[in-house]
Amino acid sequence: MSRPVRIEVEVAGHVGHVFASRRIAHTDDAGDAADAGSRDAGAADSDVGMTGSAEPAPGPPAVVLIHGIGASHRYLERLHRNLAATVDTFSIDLPGFGATPEPDHTLNAAEQATYIIGALERLGVLDFVIVGHSMGTQFVTEVAVQQPARVRHVVLMGPVVNDRRRTVARQALALGRDCLFFESPSSNAVVFTDYLRCGPAWYLKNLRVMMDYRLEDRIMDVSAPVLVLRGEHDPVAPRDWCHRLMARAAAGAFLEVEGTGHVVQHNKSVEVAEAILRFAGLTEAAPAAEPVA
């Protein structure tokens with residue numbers, strides 16, 4: 001399978017990168033842009049501006065992947081690759097993260113959601129399953145609230161911030177435990193190189209946004225089915241917290257992936273991809289999730 005095409009998209013003055021894997025080009029604009037950007041997705045000259053169709057593409061919904069604080073599409077690459085074998089898949093580097101320019105102010109969750117919606121609209125992606133990891137779960141929740149008609153299903157991987165451990169010190173301790181005891185060398189390498197690129201100043205500005213967001217309240221405004229997914233050993237998103245989120249969702253389900261920590265989508269990408277596809281009804285298998293009683 002070819003590498004995703006990197007597309008630079010500007011929305012409301014904010015620039016991000018979308019990494020797109022389309023199985024079939026649904027519109028002429030999308031096909032032309034994919035051809036123009038089919039060079040190495042990591043190369044600077046593979047950026048393509050594009051405006052897609054105003055109508056939803058036929059066929060199954062796409063899957064959209066959103067990273068967490070300080071991170072980028074890089075720790076979503078394995079999951080992206082597994083999903084792209086079945087459905088159109090898009091990973092987004094949000095403004096200020098990865099290789100994107102830093103915005104003139106720190107974007108809150110609602111503003112990041114507005115960017116995501118606008119970027120997908122420009123690519124003609126109007127019907128999708130949205131998946132977020134860590135702080136990305138806050139952004140995808142906002143997307144589902146802002147555009148419920150476009151969001152088929154929501155997947156929250158390692159959601160934050162646990163309402164019973166809402167201090168920076170406790171979050172830092174949990175993340176440290178995760179890195180030391182429950183992550184693979186490759187997941188730590190990807191995450192920490194992205195943290196270095198992000199830089200401490202931008203990370204800390206976004207940390208305040210993350211800590212102030214009340215996911216446990218906002219999830220109650222999501223009408224789409226929600227899957228709360230965690231790694232078995234994840235100290236950042238403990239089981240009781242994930243169960244509370246599941247119970248507050250209008251249509252919630254829970255899944256725990258064995259033998260891994262917070263960066264579940266990197267360390268267990270095959271299992272997570274299969275779970276997402278089953279939950280979203282994109283395979284013939286029954287959902288491997290625990291429904292709300």
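Taken from CG in Leu156 to CE in Met246, the straight-line distance is 12.5 Å, to the nearest 0.5 Å. Going from atom CD of Gln147 over to atom CG of Leu120 covers 10.5 Å, rounded to the nearest 0.5 Å. Distance check: Leu255 CG to Leu229 CG gives 4.5 Å after rounding to the nearest 0.5 Å. For the atom pair OH of Tyr75 and CD of Gln265, the computed distance is 5.5 Å after rounding to the nearest 0.5 Å. Rounding to the nearest 0.5 angstrom, the gap separating the CZ atom in Arg248 from the CG atom in Asp163 is 7.5 Å.
In terms of hydrophobic clustering, with Ile, Leu, Val, Met, Phe, Trp and Tyr side chains grouped at heavy-atom distances under 4.5 Å, Leu65 and Val270 are assigned to different clusters. Hydrophobic cluster membership differs between Leu173 and Leu207, with clusters built from Ile, Leu, Val, Met, Phe, Trp and Tyr side chains linked at under 4.5 angstrom.
Side-chain N or O atoms of Arg218 include none that pairs as donor or acceptor with a backbone N or O of Met220 at under 3.5 Å. Checking side-chain atoms of Asp234 against main-chain N and O of Gly158 turns up no donor-acceptor pair under 3.5 Å. Counting only distance, with no hydrogens or angles, the side chain of Glu258 and the backbone of Glu232 share no donor-acceptor pair below 3.5 Å. Of the possible donor and acceptor atoms, one in the side chain of Glu183 sits under 3.5 Å from a partner among the backbone N and O of Val263.
Considering every non-hydrogen atom in both Pro235 and Arg165, the closest pair reads O-NH1, 3.5 Å. Minimum heavy-atom separation, Arg78 to His266: NH1-O, 3.1 Å. Nearest approach of Ala99 to His17, heavy atoms of both residues: O-CE1, 3.8 Å. Pairing each heavy atom of Arg197 with each of Arg74, the nearest pair is NH2-CD, 3.6 Å.
Aromatic pair Phe181/His233: ring centres not closer than 6.0 Å. For Phe19 and His80, the distance between ring centers is not under 6.0 angstrom.
Glu111 and His14 form no side-chain donor-acceptor contact under 3.5 Å, judged by distance and modelled atom types alone. Side-chain contact check for Asp194 and Ser72: at least one donor-acceptor pair (N or O, by modelled atom type) lies under 3.5 Å.
The only member of Arg170, Arg244, Gln171 that meets side-chain hydrogen bond (donor to acceptor under 3.5 Å, both in side chains) when paired with Asn162 is Arg244.
Proximity of Ile69 to Tyr203: side-chain heavy atoms (C-beta onward) are separated by under 4.5 Å at one or more points.
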